[in-house]
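Taking it in order: structure first as structure tokens, then the write-up.
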There are 2 protein chains.
Amino acid sequence: MQRRPTLADVAERAGVSRALVSIVMREAAGASEQTRERVKRAADDIGYRPDPRARRLRQLRTNLLGLTFAAGQEFHADLVDGVYVAAEALGYDVVLSAVTPHRDEVRAVRTLVDDRCEGLLLIGPAQRAGRLAELADRVPLVVLARRVRGVDAVRSDDVAGARLGVEHLLGLGHRRILFLDGGGAPGAVERLRGYRRAMQHAGQPELIRPGGLTEREGAAAASAIVASGEWPDAVFAFNDRCALGVMDVFIRSGIAVPQDVSVLGYDDSALAGLAHINLSTLRQDAAGLAAGAVQRLVGRLEGPADGRDERAADLVREPQLIARQTTAPPTR
Amino acid sequence: MQRRPTLADVAERAGVSRALVSIVMREAAGASEQTRERVKRAADDIGYRPDPRARRLRQLRTNLLGLTFAAGQEFHADLVDGVYVAAEALGYDVVLSAVTPHRDEVRAVRTLVDDRCEGLLLIGPAQRAGRLAELADRVPLVVLARRVRGVDAVRSDDVAGARLGVEHLLGLGHRRILFLDGGGAPGAVERLRGYRRAMQHAGQPELIRPGGLTEREGAAAASAIVASGEWPDAVFAFNDRCALGVMDVFIRSGIAVPQDVSVLGYDDSALAGLAHINLSTLRQDAAGLAAGAVQRLVGRLEGPADGRDERAADLVREPQLIARQTTAPPTR
DNA sequence: TTGTATGCGTTATCAC
DNA sequence: GTGATAACGCATACAA
């Protein structure tokens, strides 16, 4: 027998009906303990594993959650992990669909819809809000790590995070705090707003330069700072990668961190925690965000039928300040 | 009609049989051009998309390739992209299964087998060779980026890569070349061997220290070097991350790269190419490796029935030297 | 060229 | 508690 054993094979071997095997495999009610034992033995003996395709085909529901993510991005990976955990706890399976250089988001979403996922989770989607709203109109959808008008979203409170960061630096005694903006990246507007509000509230001047998302851009910004000859007390970078680029250029230029300038990142990526880097940063609660998104999506799926016209939710979670070695009181 | 349209709905709307719709949707022979047109129109009108589950259930083959990978790892992401591309070219779909902190490899593999994938692609699996051989015995399997005895594997030629690196440094005029070993990591044994062979061939003394896979370990190794007071001409690190740790400590210690010491990495990760880092390194051809693995796997699936006892293949591809700014002729 | 009938592996409904 | 039977959406052999 080259083909894989089916439920019918188990039934034959155990000498019971297929219906009973189904009941036993699903741990459903309606079978005696003795029968259960026999069926399980038979299933194990021939190495039977239920076919999810056939199961989902027969059931009205697929119990499938589709998830798009950018392969290779650390923060996305953390969210994927969290989604797996949260979905399993609620009895759902997860179908992954990666966004890569040769496979765009539209395509990633299409495969998930074709696979009959009941709901979609999109991590940091790049599509414009209008498209996402259209999509959300056709299939239950929750966006992760980005705010989209008219669509359910779960994300960090970037305004609060940036404010936390500024308050940390102010608390250390810094005054001239330079913010490196993230341009059009998700969360950039909010982080900038948080910075500005906190600085205004403290009565300090706003120092803002274009930063970016990568080490390269951070390095460029730092070079500009060095060239200007006028250093700030502290640099608050849009994210960790940008902060690393800044630190790299500073150190090569003989500017000590944190003695001469404090540097603060955002994301608490894996690099930030390394012993020789020890970057102070703000941590987003990936597991919490993932759980929140899954719960929201499942809530829509299992909620009251009249809830479909419910207004889109925008769930935010507070980031957490991780003070390491790159921020310290001014030494001057 | 809340439920999704089925093939039968299309048939009804187009006024033809379901078999004809099936023929048209599969682009199979046996339908007139006129009918094709009408069916396609009807399908588009009601937004019909075939159900892959039902399709695969009916067919003897699923045309599914299962792929495990570590979410968040850049090199894995490159391979995932390559697998998507190569699989599509051969008419296969890819099912992703991530290995994360809360989801181990065994589990990732199980879901793929349950989903009736015809063959499995494992990127850098952590299981010991014996387990993998057992698995390969039950399902067609190709391991990517690791060598496993008795199992099909596609990987870079790490011996050749290390040799290339050493020859590059020798060619620049360096003699005292220190190699930072990767311990038990995949490819570590081969890279060490390549280094030793090249050094022996050149009649130079072998300088070997324990390195590691991360910035942290690279930094530790560099600290030891600095403390010893005796610098080599060049440091050849097990991988880019290790090399970055080395450079970080060197620069902080006032040792200029490449003026005082050349540093060579391995992997050509995204960080290596950044303007302010510009790490010389060895590039693995991710797309080529992925394509090779997919071709090998599909070859097994579609190959002659008597080929199942074929000996396991070990396909290697040559890495490529990327000479950037961290390696240069000695200035002394 | 087109239509009919059957089965893929499972679950759900109904009898017994 | 247990078993027969239909149905999920689709593809295929075969008949028309």
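Numbers restart at 1 for each chain; the letters A, B, ... are given by sequence-line order, proteins then strands.
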d(CG, A:Leu20; P, C:dT13) in whole Å: 16 Å

Please check the phosphate of D:dT2 (OP1 and OP2 only) for any side-chain N or O of A:Thr35 closer than 4.0 Å. yes

Under 4.0 angstrom, heavy atoms only, what part of the nucleic acid is B:Val21 near: base, sugar-phosphate, or nothing? nothing

What's the OH-C1' distance between B:Tyr48 and D:dG9, to the nearest Å? 7 Å

Could you state the CD-P distance from B:Gln59 to D:dA13, rounded to the nearest angstrom? 11 Å

Using a 4.0 Å heavy-atom cut-off, does A:Pro50 contact any base of the nucleic acid, only the sugar-phosphate backbone, or nothing at all? sugar-phosphate

Measure the distance from CZ on A:Arg58 to P on C:dG7 and round it to the nearest whole Å. 18 Å

At less than 3.5 Å, do the side-chain atoms of B:Arg55 and the base atoms of D:dA11 form a donor-acceptor pair? no

B:Arg53 CZ to C:dC8 C1', in whole Å, measures 14 Å

d(CD, A:Gln34; C1', D:dT2) in whole Å: 13 Å

Hey, does the side chain of A:Arg26 come within less than 4.0 Å of C:dA12's phosphate (OP1/OP2), counting only N and O? yes

Does a side-chain N or O of B:Ser22 approach OP1 or OP2 of D:dC10 to a distance below 4.0 Å, or not? no

Check this one for me: any side-chain N or O of B:Thr6 less than 4.0 Å away from OP1 or OP2 of D:dG9? no

Gap between atoms CG and P, on A:Asn63 and C:dT11 respectively (whole Å): 12 Å

Tell me, do B:Val109 and B:Arg131 make a side-chain contact under 4.5 Å, heavy atoms counted? no

Side chains of B:Asp93 and B:Asn63: does their closest heavy-atom pair fall under 4.5 Å? no

Ranking B:Ala19 and A:Arg18 by the position along DNA chain C of their nearest nucleotide, the one closer to 5' is B:Ala19

What is the nucleic acid contact for B:Leu7, judged by heavy atoms within less than 4.0 Å: base, sugar-phosphate only, or nothing? sugar-phosphate

Distance test, side-chain N/O of B:Ser32 to OP1/OP2 of C:dT2, below 4.0 Å: yes

Rounded to whole angstrom units, what separation is found between the CG atom of A:Leu57 and the C1' atom of D:dA7? 9 Å

Just so I know, are the side chains of A:Arg116 and B:Arg53 near enough to count as touching, which here means a heavy-atom distance under 4.5 Å? yes

Closest non-hydrogen atoms of B:Asp9 and B:Pro5, given as atom of the first, atom of the second and distance, are OD2-CA, 3.2 Å

A:Arg147 and salt bridge (charged side-chain N to carboxylate O under 4.0 Å, His left out): which single residue from A:Asp314, A:Asp152, A:Asp157 fits? A:Asp314

